[in-house]
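In what follows, a single structure is set out as structure tokens and then discussed.
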Amino acid sequence: MNFSSDTAAPAHPSVLEAMMRANAGPAPSYGADKITARVRAQLARVFETEDFDFWITPSGTAANALALSCFCPPIASVICHQEAHIQMDERGAVEFFTGGGRLHLLPGEGAKISFDVFKDYLDEFDPSFVHGTPPAVLSLTNLTECGTTYTPDEVARFARRAKGGGLAVHMDGARFGNALVHTGASPAEMSWKAGVDVLTLGLTKTGALSCDIIILFGAAKAKGKELRARAKRAGHMPAKMRFLAAQAEAMLEGGLWLGLSAHANAMAQKLAAVFREDGIELAFDVQGNEVFALLDAHDIDKLQEDGAAFYAEWPGGSSRFVCSWATAEAEIDAVRETLKRAMRK
């Protein structure tokens, strides 16, 4: 019963098989190989556009920090939710990669930025006030850190206001596939069609071994050369890029990444149903592959005694359970049996 994180799941067999195929003989270095070229063609089909540039990184932190560093100078800021991953879990990587750019934190229910708060902040900010730190980028997370989603319409609303203030729009898509499955949106509808300039497409949590892609859409693709220079300086220009590209190719082939996301989402819904059956409330609606249950100490102890792995003390008083492509129904059943034995009153 491992619900600690989708990064705890194994890599999907198709990914490992693709990497083995990529290991046959030599290939050009630093992304000049045929597999990386094929990934570009796949991304063009998936996102319904040829108007983009991309770079593959081994981690979401690298992808986010590198992407944002291309749009946020040292004297500016990135607007994000106060519980965003770039704020809570990336050890100041954005500030480090931007050379001093700061994060400006905004509130909102379910880790979604309040649009009214965002709008008021931009309306009231005076760019001529030299003592203030001007915003340069809006960063949205989909899924959010509370497992909630922004719909394409919500993304578009934020993007319109951001661009009206001269801001670029970044989307942290570590669980992008899960958000797409829940909303029924296409990758294009959730990204460039909604006004997103740069997306960090997460495939590691979805089932890859280590693969997150930075995608620059439209005019933002002009940042491609700078992105590569920053990646090189930061040590994120893999000599054997073909092994990262092989993972992406396997995940994108035939929509595997979306199929795996759909399974993870479905398991989360089944787990949520188990909690509800036992009278346990949820802190947030289940809109992806994460479940935030309001467990009491007795239930937490019993689940952990039976070997369940999960974050028992998530901010807000809930316990976080994350399902993955590898989550089996037997694990859900095991949670049900443990709760029955716990004899909640």
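The aromatic rings of Y121 and H104 sit parallel to each other, their planes meeting at less than 30°, with 60° as the upper class boundary. Relative orientation of the F217 and W192 rings is tilted, given thresholds of 30° and 60° on the angle between their planes.
A salt bridge links D123 with K119: the closest approach of a Lys/Arg side-chain nitrogen to an acidic carboxylate oxygen falls below 4.0 angstrom. Under a 4.0 Å N-O distance rule, the pair E50/R45 does not qualify as a salt bridge. Remark: K225 does not engage D53 in a salt bridge, criterion side-chain N to carboxylate O under 4.0 Å.
The minimum heavy-atom distance linking I113 with C80 is given by the pair CD1-C, 3.8 Å.
Side chains of T61 and S59: no donor on one and acceptor on the other come within 3.5 Å. For the residue pair Q287 / T148, no side-chain donor-acceptor distance below 3.5 Å is found, with atom types taken as modelled. Between the side chains of D212 and T204, at least one donor N or O lies within less than 3.5 Å of an accepting N or O. Between S4 and N2, the side chains place a donor N or O and an acceptor N or O closer than 3.5 Å (distance only, hydrogens not considered). Side chains of T338 and D306: a donor on one and an acceptor on the other come within 3.5 Å.
Take D89 and apply the side chain to side chain donor-acceptor pair (under 3.5 Å) test, not counting sequence neighbours, and it matches no residue.
Annotation: cation-pi geometry not satisfied between R242 and Y30 (NZ/CZ under 6.0 angstrom from ring centroid, within 45° of ring axis).
In summary, the aromatic rings of Y150 and F158 are positioned with their centroids under 6.0 Å apart.
Pairs passing the ring pair (Phe, Tyr, Trp, His ring centres under 6.0 Å) check and including a residue from residues 66-98, sequence neighbours excluded, do not occur.
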